[in-house]
Amino acid sequence: MARPAVPHPVLETDRLRLRQFRPEDAEALHPAFCDAATMRWWNTPPHEKRIDTDRVVQRCIDCTPAYYRFWAVADRDTDLCIGLANYHDGHIRNRRASIGYLLVPGRQGQGLAREAVAAMIEHCTTVLKLHRLEAYIHPDNAASIGLATRLGFTAEGRLRDHLRVGEEWRDNLLLARIAAA
């Protein structure tokens, strides 16, 4: 007999609600995915068509929690999606995963990413009991490196030609956070 679906956890902070994605979130999230400045650090080139963002949101909805989970980062007052936070490459049985996050251009630089990622880390370490979280960050992405460092991640090394985006190979820094024993 198949196991019942695990409900998608809702995480709340002072200003945000991290919730399951809905198809209509693609409209609010598309400004991030089509913005070259925002996507310069992401693992895909900017989207040229809205349908590409629709597909991303559908993958976020269809996630497999043992391997990855995406939260729509929504404004707590309006419930408007302003970004995403996720764990991926999950090895839940081995108690480790990688994390990612993205905000729409107009909401960056306000401390919202830190708030969202901190809530997700709390869930990953207390509910999922993950021991190791990793973040792969482009070496020139000072804002994201700073965010990860403030949340307890430490740099472990540079991975050369770690990621291919379009036709370009990119290096990444590997930062990791080990849960308190």
Q. Below 4.5 Å, heavy atoms only, C-beta onward: do Thr149 and Thr154 meet side chain to side chain?
A. no
Q.
Whether the side chain of Asp89 engages the backbone of Ala97 through a donor-acceptor N/O pair (distance < 3.5 Å, no angle test) should be reported.
A. no
**Q.** Arg76: partners by side-chain hydrogen bond (donor to acceptor under 3.5 Å, both in side chains), with sequence neighbours left out
**A.** Glu12
Q) Is any side-chain heavy atom of Phe153 less than 4.5 Å from a side-chain heavy atom of Ile121? A) yes
Q) So, do His8 and Trp71 sit near enough that their side-chain heavy atoms are less than 4.5 Å apart? A) yes
Q.
Count I, L, V, M, F, W, Y as connected when their side-chain heavy atoms are under 4.5 Å apart, and connections chain through other members. Are Ile51 and Leu84 then in the same cluster?
A. no
Q: First locate atom CG of Leu18, then atom CD of Glu115, and finally report the distance between them rounded to the nearest 0.5 Å.
A: 9.0 Å
Q: State which residues pass side-chain hydrogen bond (donor to acceptor under 3.5 Å, both in side chains) with Glu167; sequence neighbours excluded, sorted by chain then number.
A: Arg164
Q: Would you indicate whether the side-chain heavy atoms of Tyr101 and Val73 approach each other to under 4.5 Å?
A: no
Q | Leu163 vs Tyr136 side-chain heavy atoms within contact, under 4.5 Å | A | no
Q | Asp75 bridged to Arg107 by N-O distance under 4.0 Å | A | yes
**Q.** same_hphob_cluster(Ile145, Leu159) at 4.5 Å side-chain heavy-atom cutoff
**A.** no
(Q) Side-chain heavy atoms nearer than 4.5 Å, only ILVMFWY residues, links allowed to pass through others: does that put Ile99 and Leu128 together? (A) yes
**Q.** Test side-chain contact (heavy atoms from CB on, under 4.5 Å) applied to Asn141 and Leu173, step by step
**A.** CA-CA 10 Å; Asn141 189 346; Leu173 293 179; over 6 Å; no
Q. Do Tyr67 and Ile61 sit in the same hydrophobic cluster, where Ile, Leu, Val, Met, Phe, Trp and Tyr count as joined when their side-chain heavy atoms come under 4.5 Å apart?
A. yes
Q. Are the side chain of Arg95 and the backbone N or O of Lys129 linked by a donor-acceptor pair below 3.5 Å?
A. yes
**Q.** Whether Arg40 side chain and Ala36 backbone form a donor-acceptor pair below 3.5 Å
**A.** no
Q: List the steps, then state whether side-chain contact (heavy atoms from CB on, under 4.5 Å) holds for Asn172 with Ile137.
A: CA-CA 5 Å; Asn172 271 329; Ile137 303 173; 5.5 Å; no
Q: Would you please classify the geometry between the Trp41 ring and the His138 ring as parallel, tilted or perpendicular, with 30° and 60° separating the classes?
A: tilted
Q. Quick one: do Leu80 and Phe21 end up in the same hydrophobic cluster if we chain Ile, Leu, Val, Met, Phe, Trp and Tyr together by side-chain heavy atoms under 4.5 Å apart?
A. no
Q.
Is there a side-chain contact between Val127 and Pro9 in this structure, where contact means two heavy atoms from C-beta onward sitting under 4.5 Å apart?
A. no
Q.
Quick one about Asp52 and His47 (side-chain donor to acceptor, distance below 3.5 Å, no hydrogens or angles considered), yes or no?
A. no
Pair up each side-chain donor or acceptor in residues 22-33 with any protein partner under 3.5 Å, not counting sequence neighbours, and list the distances.
residue	atom	partner	partner atom	Å
Arg22	NE	Glu24	OE2	3.2
Arg22	NH1	Asp79	OD2	3.4
Arg22	NH2	Asp79	OD2	2.6
Asp25	OD1	Arg19	NH2	3.0
Asp25	OD2	Arg19	NH1	2.9
Asp25	OD2	Arg22	N	2.8
His30	ND1	Thr53	OG1	2.6

